[in-house]
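Here the structure is laid out as structure tokens; the discussion comes afterwards.
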There are 4 protein chains.
Amino acid sequence: MKPTAELLQDILAEVAPLIGQGKVANYIPALAQVPSTKLGIAVYTNQGEVFKAGDADEAFSIQSISKALSLTLAMRLYEQEDIWTRVGKEPSGQAFNSLIQLEMEQGIPRNPFINAGAIVVADLLNCRLSAPRQYLLEFVRQLSGDTHIVYDKVVAASEMMHGDRNAAIAYLMRSFGNFNSEVIPVLENYFTACALKMSCVDLAKTFSYLANKGISVRTGKRVVSVTQSKQLNALLATCGLYDGAGEFAYRVGMPGKSGVGGGIIAVVPGDMTIAVWSPELDASGNSLAGTRALELLSERIGRSIF
Amino acid sequence: MKPTAELLQDILAEVAPLIGQGKVANYIPALAQVPSTKLGIAVYTNQGEVFKAGDADEAFSIQSISKALSLTLAMRLYEQEDIWTRVGKEPSGQAFNSLIQLEMEQGIPRNPFINAGAIVVADLLNCRLSAPRQYLLEFVRQLSGDTHIVYDKVVAASEMMHGDRNAAIAYLMRSFGNFNSEVIPVLENYFTACALKMSCVDLAKTFSYLANKGISVRTGKRVVSVTQSKQLNALLATCGLYDGAGEFAYRVGMPGKSGVGGGIIAVVPGDMTIAVWSPELDASGNSLAGTRALELLSERIGRSIF
Amino acid sequence: MKPTAELLQDILAEVAPLIGQGKVANYIPALAQVPSTKLGIAVYTNQGEVFKAGDADEAFSIQSISKALSLTLAMRLYEQEDIWTRVGKEPSGQAFNSLIQLEMEQGIPRNPFINAGAIVVADLLNCRLSAPRQYLLEFVRQLSGDTHIVYDKVVAASEMMHGDRNAAIAYLMRSFGNFNSEVIPVLENYFTACALKMSCVDLAKTFSYLANKGISVRTGKRVVSVTQSKQLNALLATCGLYDGAGEFAYRVGMPGKSGVGGGIIAVVPGDMTIAVWSPELDASGNSLAGTRALELLSERIGRSIF
Amino acid sequence: MKPTAELLQDILAEVAPLIGQGKVANYIPALAQVPSTKLGIAVYTNQGEVFKAGDADEAFSIQSISKALSLTLAMRLYEQEDIWTRVGKEPSGQAFNSLIQLEMEQGIPRNPFINAGAIVVADLLNCRLSAPRQYLLEFVRQLSGDTHIVYDKVVAASEMMHGDRNAAIAYLMRSFGNFNSEVIPVLENYFTACALKMSCVDLAKTFSYLANKGISVRTGKRVVSVTQSKQLNALLATCGLYDGAGEFAYRVGMPGKSGVGGGIIAVVPGDMTIAVWSPELDASGNSLAGTRALELLSERIGRSIF
């Protein structure tokens, strides 16, 4: 069965009652103020069709979804071994910001989607790009076709003010020799990337290269190689949902990446990308209603990688 | 491209030079004595074709591959919640036999494929089946069509003699209220299941239900529901390769389950099952040449879930 | 200032109001039933005088205080290196029954007073004595002069029924090669030793060798060498109070050993031994009113090792 | 038996052969260059006598011994609860610079002598003193009577350059709300304090208040109260020797504090202070020959707290 706007509408109606059972991220005020009733979904097919429902055109803070974009950029700029000697490819098996594992594993983060790993990726980008923030902004504007995408500077500044734990992570990695830049500027880049504001439609279009063997459906240009596209999907499938990757695979069955802003991007390789948004999170930090919406969509259209 | 016997032969020739770079499991004598030069592969398609090369018909100790079979049986016998309240669905992020995580998470194992989780599954089977070992044996004989499959009693006894750590795991879970039987008999069942001797051809046929939406290709009978089949594949993809699940997804891109005997079973949903065997293991405890053979096969036939 | 019965009476009156602020150990019914209002103290000087107040003559379950007796026996039976290669001498820095540290440190317990260490000591005694329980019983009867001391079989049996965690500890150590006997019989000995019933007066007399350079004040016989006596006091001072050794040293300033039955034995080397009993425990598992009574006594008589 | 210069000489001769079996700290060049053959000892009695041997008058980097001085200052400036709500009093049971425990215990360091705890103390001093470094310098000059004591600026700068792990510790504590100043200036104060250069004679005199109920033997002035003096000795006895406190108590039987520069200060309450120096360290980071010298001295003069 094909996705349609009606199907998406039905799904949103079905998951709406979940609102109230999760918890909006509140570690910074700017995120805590987002209305918990926001709910949107967008599908972008490999044929270039857009289907959407709810608040699919409203921009929100993509937060950790940006980690998949930063890794894509790093894979374009570096040889494989330059990346994977500094960060692993394995699920973390722990809360997404734990220092314990990082210390036990000698400063090598488990994967590029936990904070420590994303900070290593930010360090990589910082060493090779003269203006990493501008570069990332142009990248998403081009892939999505939305020239109005911006960083939310209030969010970025607020994250930085609450960023002591991430500073601890960066310094710990530097003590193990796995960090090459000054800590503070890299953290600023990292928090700024997390503060990208994008809509579900923006996100679904931006990530279309992961559903289309590395080529952006919208621009027709190659973003990553076929192999890199598979590799990125593999990393998303095993590590993309914090400490809930197994549950997400079990229920949804798609590679995906979530953010504490309540967004999730999911990929059906060869078929489509899907973006959902609902700010309330479950215990693992993933959008509660968003995950359920993806689960229903997977069932209804009969698509999953398994 | 389709798999053929020639392709499989070529792949074995290509990976053979890796032999010597891994390490045969030696924690029990019976496994340590297996010649490291053994090398086999078998493909079983959803059309019922068998392709094979090398030592594909020689039986070996399937070890942890049995955990996927035991979980399949448990999913047939129990409601979902009876299983998933006692064992998680998340990658472990630690060495496959660590007690640390088990203690920190109050006796609930991370997933059914680490030792602790498989021992919980053995406890579940023990509580519902009058003769769990006989039941499992008949299950694999029927699915594979090979009535000569047996348990290797020397291996089972040897494992039991070196089973103190698994006894510690079981007692620890019992102290948290997550173990309902006597420890020793359950461990005997657990070790006996691991001591199943099967060939690559046996394994590929046995697991065909995971590639065929829950229906055994060989018998035409339903083993698990469509949804359960997807769930099992999801669990294999995120948790099936010990501490190397991420790397395996990145390189091979198929749900899989490995054993320290050097076997790996992999699934291309909708298409085929593949079994490889090469006793030498990599640092994560997965067959070194076997993983590489699956990686090459995935490339050559252009099949992966990503 | 010298201890007197009046002083002890005053101290008990002063600490009595603390009763109600702690928590009686309730992991086994037999301990949970002890009235929380019990309160006793006894001092035994190196001149052989006994001073006492409150329930000083009532026998209670000495629990972990027995670990100091078992270690004393082991030090009499074994060379130093036979003991200290199998168990450490360092504070554990963790909850007293944690398996985490034991796994990280390869099955070598931190010290002989955490459960793991005491189980190693029980294994040592089991390997050298034909009847360890009878031997220990005669040892305390002789040192205290109280021939009515017995094991509480109900307590011992109850502990054994709740002993899964200790079984896990023993099996884990055996998996590391640090356990030489059958697990179950050693655990029975261990739990039986913990189930010794002794009064404050019994305990103060029994441990007098630690205050008197290794010679029992009551019998005049040497129990351990001068050096061993110092070593035992050093171990009590750094490791004797579970996870509260530092706090106890800070407030009381005496080597000591506590049990979850609410007893504490303390030593003023060269001077006296003191035993207190009050069943309610603080967060570290040490007698709440008992610790305070020792702190007051230390202040009033101006005795401490610091 | 009384200490004499001859006795000290004999002891140094006896421990000298140990030189070569330990390892000079080499994490910063300035420490690595200290000749491993340096060996000195000084005793300062409560009667004001000085006995010394070897390199007892040569100044060396006192490193972590400074943590006992900083804590003394903090105890003079703050109420008890202001200190002990922010740092514990328990042995750490782990390597002295581990972040794992700090994270598990919510940013509250185990005790004031591990790095994390000493950094909290530095934060406390920074919040109350306008010039903490000058204040500490005057404190030791006055207590020792040696006006030539200085900070080694090369050492301090070198520590700061290798201080990433300590920065990680400070940021982690700040993320838990247990750090009130800017991180970098406090670390500079902390490393500067560690870079104090003092001789064995200086150290023995400086710490005389711990042997003399809080009053400096040299100046006759009260440094801390009688109770605080006992408390400081208790903390030294249980936490002063990194991960070797239990072993030190077992062998030497005195409260003490060591530094990676190879110095150790030890206290016999009511009697004397002793300082030793030998740069080679044992596996726990304590002076190898220095510990043995203290052990021999304790045996020969028959003094220990046990």
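Labels below follow one simple rule: chain letters A, B, ... track the order of the sequence lines, proteins then strands, and each chain is numbered from 1.
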Is a side-chain N or O of [X] found less than 3.5 angstrom from the main chain of [Y], in a donor-acceptor match?
X      : Y      : value
B:N286 : B:L241 : yes
B:R218 : B:K205 : no
A:N46  : A:A211 : yes

Handout entry: CD (A:Q47) with more than 12 external heavy atoms under 6.0 Å
Key =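 Yes, CD of A:Q47 has more than 12 neighbouring heavy atoms, counting only those of other groups under 6.0 Å.
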Handout entry: Proximal component of A:Q228, with respect to chain B [non-hydrogen, under 4.5 Å]
Key =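 No part of it gets close to chain B.
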Exercise for the section: Take A:D243 and B:R110, measure what salt bridge (charged side-chain N to carboxylate O under 4.0 Å, His left out) needs, and give me the verdict at the end. Expected result: CA-CA 11 Å; A:D243 217 25; B:R110 272 270 156 155; 3.0 Å; yes
Among [options], which residue has the highest count of heavy-atom pairs closer than 4.5 Å to chain B?
options                        : value
A:G270, A:A245, A:C239, A:S229 : A:A245
A:V226, A:L210, A:N233, A:L232 : A:N233
A:K230, A:Q231, A:R251, A:K213 : A:Q231

Handout entry: Heavy-atom pair count under 4.5 Å with chain A, highest-scoring of B:G244, B:A237, B:P255, B:G88
Key =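 The answer is B:G244.
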